[in-house]
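All remarks here apply to the structure that follows.
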There are 2 protein chains.
Amino acid sequence: MNLLLLEEADFIAADRVILRDRRLTHMQEVHRSQVGDSLRVGRIGGLMGSAELLRLDTTEVELRVTLDQPPPSKLPLTMVLALPRPKMLRRVFQTVAAMGVPRIILVNSYRVEKSFWQTPFLEPDAIREQLILGLEQARDSVLPEIIIEKRFKPFVEDRLPAITEGTLGLVGHPGNYPPCPRGLNEPVTLAIGPEGGWIPYEIDLLAKAGLQPVQLGERILRVETAVTALLARLF
Amino acid sequence: MNLLLLEEADFIAADRVILRDRRLTHMQEVHRSQVGDSLRVGRIGGLMGSAELLRLDTTEVELRVTLDQPPPSKLPLTMVLALPRPKMLRRVFQTVAAMGVPRIILVNSYRVEKSFWQTPFLEPDAIREQLILGLEQARDSVLPEIIIEKRFKPFVEDRLPAITEGTLGLVGHPGNYPPCPRGLNEPVTLAIGPEGGWIPYEIDLLAKAGLQPVQLGERILRVETAVTALLARLF
């Protein structure tokens, strides 16, 4: 945890918070915080800054916070992601939050197993928990927006063209395609497929919606690694 | 598993192998392979190609293999990595093998917890197991070389300068440094620090050995994510 994130409900006054949950445990056991210590903090959806530890006992900690710094900027990106397997999904949520993706649209794909849609990791609270871990890691206070579009065809045909408009539309896909571009400043809409990749029908529909295939070389990467590699290369 | 890797001991003739271990289970349970199927295979340290499934029962599978393709090229890179925590170490071994790093030197650092050096995941068999998972994922047959240099100072002062010579020497480090370069073709020596980063003394010693700090922006990434992001950006 490189940043302590504060919820609205933590505030007892404009500059005072009390924490009682895993954040208290973390401060006690990992950081071994003491009265007088200064910590980096951020208000979820708001500014970041520092906090002074005023009081600490076994049940709660009280902090005086000063929030005066903007969070780091997000990437100019909408990511369309075929739903990964549950264990991978949790790590991907952390990774995209840490890397500054502002909006992720989870879609179905032919090679996504139907059972993946039943995972409890898609519950709003479970998603939020992983996103917060990513923000705490990277020092950011703004949650990415997660949108679930379970039906691929109506999403790609009816809604994706408006999202892609005015952006560079790309699909990460292994094969004889142009290499993924580097160091862009323009806004991007990027689709990333499931393990095993998109099927040709899906690549065709994505192309009609304005997303052109690009590749990262002949090595087949896990979804989490491919997400990180594509983002690091694009921006 | 996108590639079935074959060990020397699997061969019963120049073009025949018999498998009995987790690879048999994987073929039965995940791929639901049948006699006559064709599979992608690679000989560890050698060529890649295809195999025809000749015989399959509950205890073993026999394949006829044709090995006629070179493995994908490796990155022109030596990676010096501060030993990550054990759980992260396993994933990093998979990631570096998948991404084509040919040589990783694990070093100590002030912020590496001493207990990390006791992990069973540093045993040669445990390292090899994770590397093979990465190679199977990415479709590569050549194991990276893993070197353990537990003492930082003698390694960096006495042996690192010769490794860095004739390469671009870089250290990934957050701070007011030049951005990490993009799309290189030249050989690189890249050092990546522990969670919490290198200490200034270590950065100074690495600089004397020819490694200059570069940064990836203000977000603090987990080691595994930083490794992937740096490689995707450099090459």
Side-chain angles (χ1 to χ4, degrees), chain A residues 1-3 30-31 40 48 69-75 85 87-88 91-92 94-101 113 133-142 172 174 179-184 195-197 215-235, chain B residues 1-3 30-31 40 48 69-75 85 87-88 91-92 94-101 113 133-142 172 174 179-184 195-197 215-235:
Chain A
M1 194 193 291
N2 297 309
L3 178 76
V30 181
H31 289 296
R40 287 174 187 263
M48 314 205 312
Q69 294 156 27
S73 56
K74 298 283 194 193
L75 300 173
R85 64 178 61 245
K87 196 177 159 187
M88 180 69 76
R91 287 220 302 271
V92 168
Q94 288 188 34
T95 302
V96 293
M99 293 196 76
V101 180
E113 287 183 28
L133 289 173
L135 296 180
E136 287 175 344
Q137 166 67 44
R139 292 191 186 144
D140 187 356
S141 56
V142 180
C180 178
R182 295 176 192 273
L184 301 176
E195 280 180 75
Q215 49 84 20
L216 272 184
E218 57 190 311
R219 294 173 179 276
I220 314 289
L221 302 177
R222 284 179 304 171
V223 172
E224 186 196 8
T225 311
V227 165
T228 303
L230 284 162
L231 297 180
R233 180 150 162 154
L234 284 171
F235 300 107
Chain B
M1 193 193 291
N2 297 309
L3 179 76
V30 181
H31 290 294
R40 287 174 187 264
M48 315 206 310
Q69 294 155 29
S73 55
K74 299 282 192 193
L75 300 174
R85 64 179 60 244
K87 196 177 160 186
M88 180 68 76
R91 287 220 303 273
V92 169
Q94 288 188 33
T95 302
V96 294
M99 293 195 76
V101 180
E113 287 182 28
L133 290 174
L135 296 180
E136 287 175 344
Q137 166 66 44
R139 292 191 186 143
D140 187 355
S141 56
V142 180
C180 177
R182 297 175 189 274
L184 301 175
E195 281 180 74
Q215 49 83 21
L216 273 182
E218 56 190 313
R219 293 172 179 277
I220 313 289
L221 303 177
R222 285 180 302 173
V223 172
E224 187 196 8
T225 310
V227 165
T228 303
L230 285 162
L231 297 179
R233 180 151 162 154
L234 284 172
F235 300 106

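Since the structure is predicted, the reported quantities are computational estimates derived from the model, not experimental observations. In what follows, every chain begins at residue 1, and chains take the letters A, B, ... in the order their sequences are listed.
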> For the candidates Arg233(B), Glu218(B), Arg139(B), Arg182(B), which exhibits the highest count of non-hydrogen atom pairs separated by less than 4.5 Å from chain A?
Replying inline: Arg182(B)
> Can you say whether Ala97(B) sits under 4.5 Å from chain A via the side chain, the backbone, both, or neither, judging by heavy atoms?
Replying inline: backbone
> Thr95(B) and Thr225(A): which non-hydrogen atoms are nearest, and at how many Å?
Replying inline: CG2-CG2, 4.2 Å
> If every non-hydrogen atom of Leu221(B) is compared with every non-hydrogen atom of Gln137(A), which pair is closest and at what distance?
Replying inline: C-NE2, 3.2 Å
> Just wondering, more than 12 heavy atoms not from Lys74(B) lying within 6.0 Å of its NZ?
Replying inline: yes
>> Which atoms of Glu224(A) are under 4.5 Å from chain B, going by heavy atoms: the side chain, the backbone, both sets, or neither?
In response: side chain
Approximate separation, where rounding is to 0.5 Å, of [X] [atom1] and [Y] [atom2]:
X	Y	atom1	atom2	answer
Met99(A)	Thr228(B)	CE	OG1	9.0 Å
Arg91(A)	Arg91(B)	CZ	CZ	4.0 Å
Asn2(A)	Glu195(B)	CG	CD	8.0 Å

> Okay, side chain of Arg219(A), backbone of Ala98(B): is any donor-acceptor separation there less than 3.5 Å?
Replying inline: yes
